[in-house]
Amino acid sequence: MLETENFTHVIAHISDTHLLGGKRKLFSTVDVAHNLTRILDRLRAGDQRIDALIFTGDLADIAEVDAYRWLRDHVEPVAAELGAELVWVMGNHDERPAYSRELFDDESDTVQDRVYNVGGLRIISLDTSVPGYHHGAVTDAQLQWLAGELATPAGRGTLLAMHHPPLEAHNPLVRLIGLEQRSRLAEVIAGTDVRTILAGHLHYSSFGQFAGVPVSVASATCYTVDVGADKSLLLSAVDGAQSINLVHVYESDIVHSIVPVENYEQVAGYPAALRAMAETMSEAEIREMVSNKNSDFNTAEREQSADLA
Ligand SMILES: [Fe+2]
Ligand SMILES: [Fe+2]
C-alpha cells in the first residue's frame, strides 16, 4: 500500500496577509481577503492533515481592528475544522495593542512572545517588531526569556516563528528594514533544540541558515516581490505568484514545500483512487510499477505526455 503519513507534524506556514478593514483591496487592486480565503479553502479541500497554522506576521496592513476581526473570524473556524493549533506572529505592519486585543482578547501593548506545544513540538512565536518602525529587533529581555525557554529541550524539538528573517538580504531597501543585531540572537539559538526558523517579511520565498539552523521564509498571500525584476527597478511588487509553505516535520528532517494560492489548470496527474488500487499490491510491486521506466504504468504516462506535447 501507499504509505501516506510518515511524518510527525504538518504545518501550514502562511505569511504577510496584509489585510485591510472592510475587505478593502490593497493598492486598490489586490484582493487580499480573497487570496487568504482561497488558500484556506485549498487547505480544507486537501487530504493533508494540518497540525498547526502559523502566520508569520504582517497580518493587517495598517493594524485596523476590522482587519484583525475579519482574520480571526475566518481563520479560527478553519483551524478548528482542521484540528490545527493556530499560531499568530507579530509583524512590522501590526500594532501590539490591536493585535493583542483582537486576536488574544488581551489588553496589552507589550512584547507579544508566546509558546505552544503541538504534540511535543514546541512552537515559539517571537515578536521582532519595533513600535513605530519597519525594521526588526529582539530586546535583551526577550533574549533572556528565549534562552530560559530553550534551556529545557522539547520532546520533538522547537520551531521558532518570527517575522523578520535572521538572514542577509541582497536588496538594499530590504536590508534597511531587516533584523538588527542578529549575532545576539544567534548566540541564544546556537546549540539548542531549535530545528528550523520560519519567517516572513520579504514577500518572496527564501531559504538560508542562521546559527546552524535552517531558515525558511514563506512568501506572501497579499502581493509578492519579484526578485527577477529588471535593472530599472530597485524593488518591484506584483500581484501574482502568491504562495504559502507546507512544512513536513519528520523524526530527523524538516521539509518545506511551496504551495501556490492560485489553482492552476492541470496538465497531468493521478486520481486519489490510485490509493485503493495500491491497497491490493505489495510495496515491491508498487515500486516496480511507479519506478520502472518500462512498466505499463509509465509507458502509458509517456504516451500521454507526448500527445500533450
Ligand atoms: Fe509584509
Ligand atoms: Fe514585514
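Whatever order the structure lists ligands and atoms in, that order sets their numbers, starting from 1. Computed over heavy atoms, backbone and side chain alike; hydrogens, waters and symmetry mates excluded.
Metal site remark for the Fe ion (ligand 1): His203 contributes an N, O or S atom at a distance under 2.8 Å. The Fe ion (ligand 1) has no N, O or S atom of His163 inside 2.8 Å of it.
A donor-acceptor pair is defined here as one N or O able to donate and one able to accept, closer than 3.5 Å; such a pair exists between the side chain of Gln242 and the backbone of Cys222. Between the side chain of Asn298 and the main chain of Asn292, a donor-acceptor pair closer than 3.5 Å is present.
Hydrophobic clustering (side-chain heavy atoms under 4.5 Å, transitive across Ile, Leu, Val, Met, Phe, Trp, Tyr) groups Trp70 together with Leu20.
His201 contributes atom ND1 as its closest N/O/S atom to the Fe ion (ligand 2).
Angle OD2 (Asp16) to the Fe ion (ligand 1) to OD2 (Asp58): 90°, rounded to 10°.
A side-chain donor-acceptor contact under 3.5 Å links His203 and His18.
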